[in-house]
**Q** 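Got a structure for you, written out below as structure tokens; questions coming shortly.
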Amino acid sequence: MPKVKISALGCYVPPGVLTNKDLERMVDTNSEWIVERTGICERHIAAPEMATSDMGTEAARVALAARGITGAELDAILVCTVTPDMLFPSTACLVQDRLGAHRAWGFDLIAACSSFLYGLTTGAALIAAGTHRKVLIIGADTMSRIIDYTDRGTCILFGDGAGAMLLEPAGESDAGAGFIDFIGEIDGSGGDFLKMPAGGSRLPASAETVEKRLHFVHQQGQQVFKYAVKKMYEMCSEVLERNGLKPSDVGVMIPHQANRRIITGACERMGLKPEQVVINIDRYGNTTSATLPLATRDVIEQGRLKKGDLVMFAAVGAGYTAGASLWRWAY
């Protein structure tokens, strides 16, 4: 089976910014508390006319331009999101049309904050099977549309953004770079702790569900925090161990950006040094499916990720969902 590499990256965040000081005027909170508890200083918010497909398309165009190809060369498009433009058609269909990707098929993938990680693994499997040569993975979420800005426990956490990675077969010149391994897990027993209660077949939209604010994110923060620290540590440790690797072998750890304390708690338990770990939640908040590509872009721009480095991606999300994957960076 062919080795699979990440060959290009593109990101997009909307220009509008919501700072902690802005939130102080909207809800009973203060900037110092937000920073202490979450590490977040600001987050980008999409304009009313902008939807998830718009941000995803912009990120995709950046990735395609970086690779020097057009949408017509894509074989598949996977859009990872919990905030699709609509339930159907899929956001992947909308992006495919705008990119002119007339040869591509695709679908939306929903795994909350683990969505992009799961999308990378799914895309890698398509290429490893030998049936695809160019698969575009997009993580895009307009979380501001499902956040209750009267709930200080959730409105401080989330922002909007998008990122895309292009997957292709690795060649001889890539010197062993590419996908190494993945481990994943879901645990539906934790589903009640982080969810959007209404809008599906269980509680379809009605005047009552709107009045009760059931179309917004509902979270029991302490339950989610404890699970996320424990599971991120366990997933990362297991994927390293079964590949005969140690934390010191990791060049860059790119975790989902949900909370600075979750990241530092898990990474300290693993024995990772701060210089190995990417944290950019201060600038974007939790953008759900977009956090991994945004963090990857930032670490590349900082000169901290180079060809041949061992990269570990990790995420924990609602569901619960969790996973970790290892890649040897290809460019």
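What you see is a predicted model; the values in this text were computed from it and never measured. For the numbers below, each heavy atom of this structure counts, side chains included, while hydrogens, waters and symmetry mates do not.
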**Q** Classify the angle between the aromatic ring planes of Trp327 and Phe313 as parallel (below 30°), tilted (30 to 60°) or perpendicular (above 60°).
**A** perpendicular

**Q** Measure the shortest side-chain to side-chain distance between Phe182 and Val239 over non-hydrogen atoms and say whether it is less than 4.5 angstrom.
**A** no

**Q** Is the shortest side-chain N to carboxylate O distance from Asp174 to Lys3 below 4.0 Å?
**A** no

**Q** Quick one: does Thr52's side chain get under 4.5 Å of Arg145's, heavy atoms only?
**A**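 No; the side chains remain at least 4.5 Å from each other.
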
**Q** Hey, does Tyr331 have a side-chain heavy atom less than 4.5 Å from the side chain of Ile300?
**A**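 When only atoms from C-beta onward are counted, Tyr331 and Ile300 do touch, with a gap below 4.5 Å.
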
**Q** Under 4.0 Å between a side-chain nitrogen and a carboxylate oxygen: does that hold for Arg67 and Glu73?
**A** no

**Q** Distance from Leu18 atom CG to Ile147 atom CD1, nearest 0.5 Å?
**A** 11.0 Å

**Q** Are there over 12 heavy-atom neighbours, none belonging to Arg98, within less than 6.0 Å of that residue's CZ?
**A**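 More than 12 heavy atoms, drawn from other residues, nucleotides or ligands, come within 6.0 Å of this atom.
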
**Q** Assess whether atom CD of Glu32 is packed by more than 12 heavy atoms of other residues, nucleotides or ligands within 6.0 Å.
**A** yes

**Q** Whether the Thr19 and Asp22 side chains hold a donor-acceptor pair (N or O, under 3.5 Å, no angle test) is what I'd like checked.
**A**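 Indeed, the side chains of Thr19 and Asp22 share at least one donor-acceptor pair under 3.5 Å.
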
**Q** Under the 3.5 angstrom rule, does the side chain of Asp282 hit a backbone N or O of Cys41 as a donor-acceptor pair?
**A** no

**Q** Is it true that atom CD of Gln302 has more than 12 heavy atoms of other residues, nucleotides or ligands lying nearer than 6.0 Å?
**A**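 Count over threshold, so yes.
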
**Q** For atom CG of Leu310, decide whether the heavy atoms of other residues, nucleotides or ligands shown that lie under 6.0 angstrom number more than 12.
**A**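 Result for CG/Leu310: enclosed.
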
**Q** Answer yes or no: is there an ion pair linking Asp298 with Arg304, defined by an N-O contact shorter than 4.0 Å?
**A** no

**Q** Begin from the C-alpha positions of Thr209 and His215 and carry the test side-chain hydrogen bond (donor to acceptor under 3.5 Å, both in side chains) through to its verdict.
**A** CA-CA 7 Å; Thr209 61; His215 296 270; 2.8 Å; yes

**Q** State whether the number of non-hydrogen atoms from other residues, nucleotides or ligands found under 6.0 Å of Glu301 atom CD is greater than 12.
**A**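 Yes, enclosed.
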
